[in-house]
Q: 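After the structure tokens below, expect a handful of questions from me.
Just so you know, these numbers use all the heavy atoms, side chains as well, and skip hydrogens, waters and symmetry mates.
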Amino acid sequence: MESKDMKELKVSAIKEGTVIDHIPARSLFKVISILELQKMDTQITIGYNFESKRLGQKGIIKISDKFPSQKDLNKIALFAPEAKINIIRDYKVVEKDNVQVPDNIEGIVKCMNPKCITNQENVKTKFVVIEKKNVTLKCNYCEKITDQEHFEMK
């Protein structure tokens with residue numbers, strides 16, 4: 001293909017905000033939901049099914065004027081443990097971090113055991129992370145194991 005026939009897709013840089021890169025394509029819409037991007041009125045750019053050497057296909061999200069909280073980052077880590085967070089100030093990356101899957105998760109994910117006390121009474125869910133790459137959780141109350149495919153947000 002000649003270069004004059006090639007079309008180039010340009011995505012504008014953001015002045016202030018966050019870029020979340022290396023989101024597995026299958027998890028992109030979960031991350032969008034976690035951050036409640038549909039409720040925001042700032043500029044948001046979402047890329048889906050980009051080629052990635054490491055992930056095969058990945059997603060990327062650029063959000064103007066939004067800096068995720070630690071709780072948001074913990075949630076993102078459950079679905080995209082290899083995601084990278086870039087903090088942008090005045091069009092420059094001033095901070096670059098990987099999300100970290102914490103050792104314990106509280107109040108984020110629902111236990112998948114319908115008989116668990118957390119699904120019967122007003123008790124905050126607590127899990128121990130037993131696998132960080134393919135995130136797997138063990139409920140502190142009923143010891144039910146929940147994998148990434150079955151996470152349901154609380």
Side-chain angles (χ1 to χ4, degrees), residues 1 6-114 116 118-119 124-139 144-154:
M1 181 182 287
M6 293 180 66
K7 292 185 178 179
E8 190 173 313
L9 178 63
K10 290 188 177 186
V11 178
S12 64
I14 55 175
K15 183 176 180 186
E16 305 280 329
T18 306
V19 176
I20 306 169
D21 197 5
H22 298 284
I23 303 167
R26 69 179 187 284
S27 301
L28 180 68
F29 291 100
K30 289 270 191 192
V31 174
I32 290 169
S33 176
I34 289 167
L35 296 174
E36 297 183 320
L37 298 182
Q38 71 278 10
K39 295 180 181 175
M40 295 181 66
D41 55 3
T42 61
Q43 179 182 343
I44 300 169
T45 304
I46 298 170
Y48 185 53
N49 284 341
F50 288 161
E51 285 184 31
S52 167
K53 288 179 185 169
R54 196 166 12 131
L55 300 171
Q57 291 184 310
K58 71 173 185 174
I60 186 169
I61 302 172
K62 293 173 124 184
I63 314 161
S64 291
D65 304 319
K66 166 89 175 169
F67 302 96
S69 67
Q70 188 59 50
K71 188 174 181 181
D72 287 341
L73 295 177
N74 288 348
K75 289 179 184 176
I76 292 169
L78 292 177
F79 296 97
E82 296 182 18
K84 295 191 182 304
I85 308 294
N86 297 308
I87 303 298
I88 311 295
R89 303 256 187 220
D90 200 23
Y91 297 104
K92 294 179 183 164
V93 176
V94 296
E95 194 178 322
K96 201 171 197 171
D97 265 326
N98 293 339
V99 294
Q100 301 286 324
V101 178
D103 295 331
N104 298 291
I105 305 286
E106 290 188 22
I108 296 174
V109 178
K110 201 173 165 182
C111 182
M112 65 181 281
N113 177 3
C116 180
T118 60
N119 290 317
K124 189 178 196 176
T125 60
K126 293 182 182 179
F127 295 91
V128 174
V129 176
I130 57 174
E131 170 63 45
K132 290 192 175 188
K133 187 170 182 177
N134 296 311
V135 182
T136 306
L137 308 176
K138 181 178 175 183
C139 179
K144 180 79 174 175
I145 307 288
T146 305
D147 64 15
Q148 207 172 17
E149 297 295 318
H150 296 94
F151 290 164
E152 193 174 317
M153 301 307 286
K154 186 122 176 122

Q: For I44 and L37, work out which heavy atoms get closest and say how close.
A: CD1-O, 3.6 Å
Q: Can you list every side-chain hydrogen bond (donor to acceptor under 3.5 Å, both in side chains) pair that touches residues 57-66, not counting sequence neighbours?
A: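 Counting only pairs at least two positions apart or across chains, the side-chain hydrogen bond (donor to acceptor under 3.5 Å, both in side chains) contacts touching residues 57-66 are D21-K58.
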Q: Specify the closest pair of heavy atoms between V19 and I14, including all atoms of both residues, with the distance to one decimal.
A: CG2-CD1, 4.2 Å
Q: Minimum heavy-atom separation for N104 and V129, please, with both atom names.
A: N-CG2, 4.3 Å
Q: Apply side-chain contact (heavy atoms from CB on, under 4.5 Å) to the pair T45 and Q43, showing each step before the final yes or no.
A: CA-CA 7 Å; T45 304; Q43 179 182 343; 4.3 Å; yes
Q: Can you name the nearest heavy-atom pair linking L28 to Y48, along with the distance?
A: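 Minimum heavy-atom contact is CD2-CD1, 3.4 Å.
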Q: Tell me whether the count of non-hydrogen atoms from other residues, nucleotides or ligands lying under 6.0 Å of CD in E149 goes above 12.
A: no
Q: Which residues pass the side-chain hydrogen bond (donor to acceptor under 3.5 Å, both in side chains) test with D147, sequence neighbours left out?
A: H150
Q: Residues two or more places apart in sequence or in another chain: which of them pass side-chain contact (heavy atoms from CB on, under 4.5 Å) with T125?
A: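 Only T118, F127, K154 meet the side-chain contact (heavy atoms from CB on, under 4.5 Å) criterion with T125.
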Q: Working to the nearest 0.5 Å, report the span between NZ of K144 and SG of C111.
A: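 Reported to 0.5 Å precision, the distance equals 8.0 Å.
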Q: Would you call L137 and V128 a side-chain contact if the rule is heavy atoms closer than 4.5 Å?
A: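 When only atoms from C-beta onward are counted, V128 and L137 do not touch, as no gap falls below 4.5 Å.
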Q: Run the numbers on I145 and T136 for side-chain contact (heavy atoms from CB on, under 4.5 Å), then give the verdict.
A: CA-CA 7 Å; I145 307 288; T136 306; 3.3 Å; yes
Q: List the atom pairs, with distances to 0.1 Å, where a side-chain N or O of residues 78-102 and a protein N or O form a donor-acceptor pair under 3.5 Å, not counting sequence neighbours.
A:
from: E82; atom 1: OE1; to: R54; atom 2: NH1; distance (Å): 3.4
from: K84; atom 1: NZ; to: N98; atom 2: OD1; distance (Å): 2.9

Q: Tell me, please, which residues at least two apart from K39 pass salt bridge (Lys or Arg N to Asp or Glu O under 4.0 Å).
A: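 Expected list: E36.
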Q: About how many Å separate CD1 of I105 and OG1 of T146, when rounded to the nearest 0.5 Å?
A: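 If we round to the nearest 0.5 Å, T146:OG1 and I105:CD1 are 11.5 Å apart.
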Q: Give me each pair satisfying salt bridge (Lys or Arg N to Asp or Glu O under 4.0 Å) with a member in residues 25-34, each pair once, sequence neighbours excluded.
A: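 Every candidate salt bridge (Lys or Arg N to Asp or Glu O under 4.0 Å) pair involving residues 25-34 fails, so no pair, neighbours aside, qualifies.
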Q: Can you name the residues that form a salt bridge (Lys or Arg N to Asp or Glu O under 4.0 Å) with E131, not counting sequence neighbours?
A: none
Q: Output yes when a side-chain donor or acceptor of N119 lies under 3.5 Å from a complementary backbone atom of N113, and no otherwise.
A: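 Yes.
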Q: What residues, two or more places apart in sequence or in another chain, satisfy side-chain hydrogen bond (donor to acceptor under 3.5 Å, both in side chains) together with Q70?
A: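 Q70 satisfies side-chain hydrogen bond (donor to acceptor under 3.5 Å, both in side chains) with N74 only.
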Q: Applying salt bridge (Lys or Arg N to Asp or Glu O under 4.0 Å), can you list everything that pairs with D103, at least two apart in sequence or on another chain?
A: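 Checked D103 against salt bridge (Lys or Arg N to Asp or Glu O under 4.0 Å); matches are K132.
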Q: Is there a side-chain contact (heavy atoms from CB on, under 4.5 Å) between I20 and I60 once you walk through the steps?
A: CA-CA 6 Å; I20 306 169; I60 186 169; over 6 Å; no
Q: If you measure from CD1 on I63 to OG1 on T18, what distance do you get to the nearest 0.5 Å?
A: 5.5 Å
Q: For residues I108 and K75, report the shortest heavy-atom separation together with the two atoms involved.
A: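 Answer, listing the atom of I108 first, then K75: CG2-CG, 3.4 Å.
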Q: Quick one: which residue pairs count as a ring pair (Phe, Tyr, Trp, His ring centres under 6.0 Å) with a foot in residues 54-74, not counting sequence neighbours?
A: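 For residues 54-74: none.
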Q: For E152, what residues pass the salt bridge (Lys or Arg N to Asp or Glu O under 4.0 Å) criterion, not counting sequence neighbours?
A: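 E152 satisfies salt bridge (Lys or Arg N to Asp or Glu O under 4.0 Å) with K110 once adjacent residues are dropped.
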